[in-house]
Protein chains: 2
Amino acid sequence: MCDLKLRLYILGRLPFFSGLPDSKIRDINALFSERGYAMGEIIYFEKSPAKRLYAVADGHVKLMRHTVSGKDVMLNVLNQGEFFGSLTHAQDDNYSETAHAHTPVCTLSIEGNDFRQILSRHPPVAIKVMDIMAHRLREAHEMVRLLSVSSIEQRLAHVLLKLGDKLGEADDVGLLIQLPLGRSDLAELTGTTTETASRVMSQLQKEGLIQTGRRWVAITNKPGLAALTEI
Amino acid sequence: MCDLKLRLYILGRLPFFSGLPDSKIRDINALFSERGYAMGEIIYFEKSPAKRLYAVADGHVKLMRHTVSGKDVMLNVLNQGEFFGSLTHAQDDNYSETAHAHTPVCTLSIEGNDFRQILSRHPPVAIKVMDIMAHRLREAHEMVRLLSVSSIEQRLAHVLLKLGDKLGEADDVGLLIQLPLGRSDLAELTGTTTETASRVMSQLQKEGLIQTGRRWVAITNKPGLAALTEI
DNA sequence: CGCGATATTGACCTGAGTCAATATACGTGG
DNA sequence: CCACGTATATTGACTCAGGTCAATATCGCG
């Protein structure tokens, strides 16, 4: 599924390895193994023992938390080049979320202990990892604030803008989000129901801020959407 | 406010320095400067340039996010020995939250660059920091899930249990949370209003799960509270 | 003891959840 | 290439948790 060229490309672009010499990356490459997943397949389950660190070589991975009542929450959608899974490997740790192949996915993954060794040997790598975690922590805190104080319309606007920045490509209809994104996905991302997500999306479309259809969304008025998020 | 003995004690117990030899900690100590804050004083503002890493030497610090509408969100309450502020110091970064002295507070703080140097020289320290960040990220994700799917009663139960674990001391009335905690604090922690927080707290008290009064809370039936959080 | 900050309580209102019926896009196979 | 069937999306009517506004009660400090 991924050939050697893609592997080296992906690994070299992983934010924490960027800056390492090619030869090092080749060494590190040997520690990674690759695997493909069909759409909808589960990469790992919440609460199973956290053993590996993954990188998305191709496709999109969503990180979910489940509840017994069946209302799932999507914490993040990851794009090519992003990583997930066990960064920390404090032995007996378990994954705190479920990783789901949202599209067909190819991953590269490394044993937690091996990754720790890399960290010990390359302090700049460790610092990069910290920076990324700090960034993710900020995003999570931002989401906490949003969920605490804003309306669903505001949350949706925020999520769409984030996704637009991350996965948007200019298109004749607007900034098209390159990810199949249904109403239920939007609901899981904003802590609401598919019905409410649908209503609000229709509203946003009526206001000319977005264009949307079956499992796709495009942003047509970014400043307008951004204005909604000002709480 | 903090004498040398306390400083060394606090620094030595900071999770990321634990394990370093005493002599090293003395060196590191020289890089830290101390400062006291009156109750309610602000340690740093959200969006101001993030220059320093802080540790709580004494008192309690709350990390807040503000909104223009005035509805604030409390992201965390920090106890003696916990750290906050700029871990990452990617130069032009700004603080993503406001740090508030919830009680009289004494902090030890270090210049971001100096901390980075320590990280580079001591890989195990960097790995410890990563572990802590991973833990905080989990907590934030857990809060996202709670805010997305649970009732206010469930969120309150969860927050109280967390605080009980972190700051609880056995007492004749129950597990007393060692932190002045008013209804508005609880509201900011759970994304609701003081009125609703008040109603739910009364309810929990009526059910015999907690005891509460003016700015204090004790848990009297921990399993009972825990049962509420199962979503 | 009296005052101000904190907490409670009530009445009312609204955003969003729920349940249910209907409409529409898209992939598939004939 | 079209028609069908299914997954997805929309829309409506109703309900309710929790927000809002406002009045009252209470704690604990000076």
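Each chain gets a letter, A, B and so on, in the order its sequence line appears, and its residues count up from 1.
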* Judged by atom type as modelled, is there a donor-acceptor pair below 3.5 Å linking the side chain of R7(B) to the main-chain atoms of F32(B)? -> yes
* For residues 178-193 of chain B, which residues have at least one heavy atom under 4.0 Å from DNA chain C? -> G182(B), R183(B)
* Please work out which of the three classes, parallel, tilted or perpendicular, describes the rings of Y44(B) and Y54(B), given edges at 30° and 60°. => tilted
* Please check if the distance between the ring centroids of F115(B) and F16(B) is under 6.0 Å. => yes
* Asked: Side-chain contact, heavy-atom cut-off 4.5 Å: L225(A) with I219(A)?
  -> yes
* To do: For R215(A), report the nucleic acid contact type (base, sugar-phosphate, nothing); a contact means any heavy atom under 4.0 Å.
  => sugar-phosphate
* To do: Would you check if there is a donor-acceptor pair between the side chains of R183(B) and T196(B) at a distance under 3.5 Å?
  => no
* Asked: Can you tell if the side chain of L53(B) reaches within under 4.5 Å of the side chain of F83(B), non-hydrogen atoms only?
  -> yes
* Taking all atoms of both residues into account, what is the closest heavy-atom pair of H102(B) and D185(B), and its distance? -> NE2-OD2, 3.6 Å
Check: protein-nucleotides 27-30 of chain D nitrogen or oxygen pairs below 3.5 Å:
{"unit_1": "dC27(D)", "atom_1": "O2", "unit_2": "R214(B)", "atom_2": "NH1", "d": "2.9"}

* Which nucleotide, dG18(D), dA20(C), dT20(D), lies nearest any side-chain atom of R199(B)? -> dT20(D)
* Looking only at side-chain atoms of E195(B), point me to the closest of dC21(D), dG17(C), dT11(D). => dC21(D)
* To do: Report yes if a side-chain nitrogen or oxygen of T196(A) is closer than 4.0 Å to either non-bridging phosphate oxygen (OP1 or OP2) of dG17(C); otherwise report no.
  => yes
* Asked: Within the structure, does a side-chain N or O atom of S202(A) lie under 4.0 Å from either OP1 or OP2 of dA9(D)?
  -> no
* Side chains of E153(A) and E207(A) in contact at under 4.5 Å (non-hydrogen atoms) -> yes
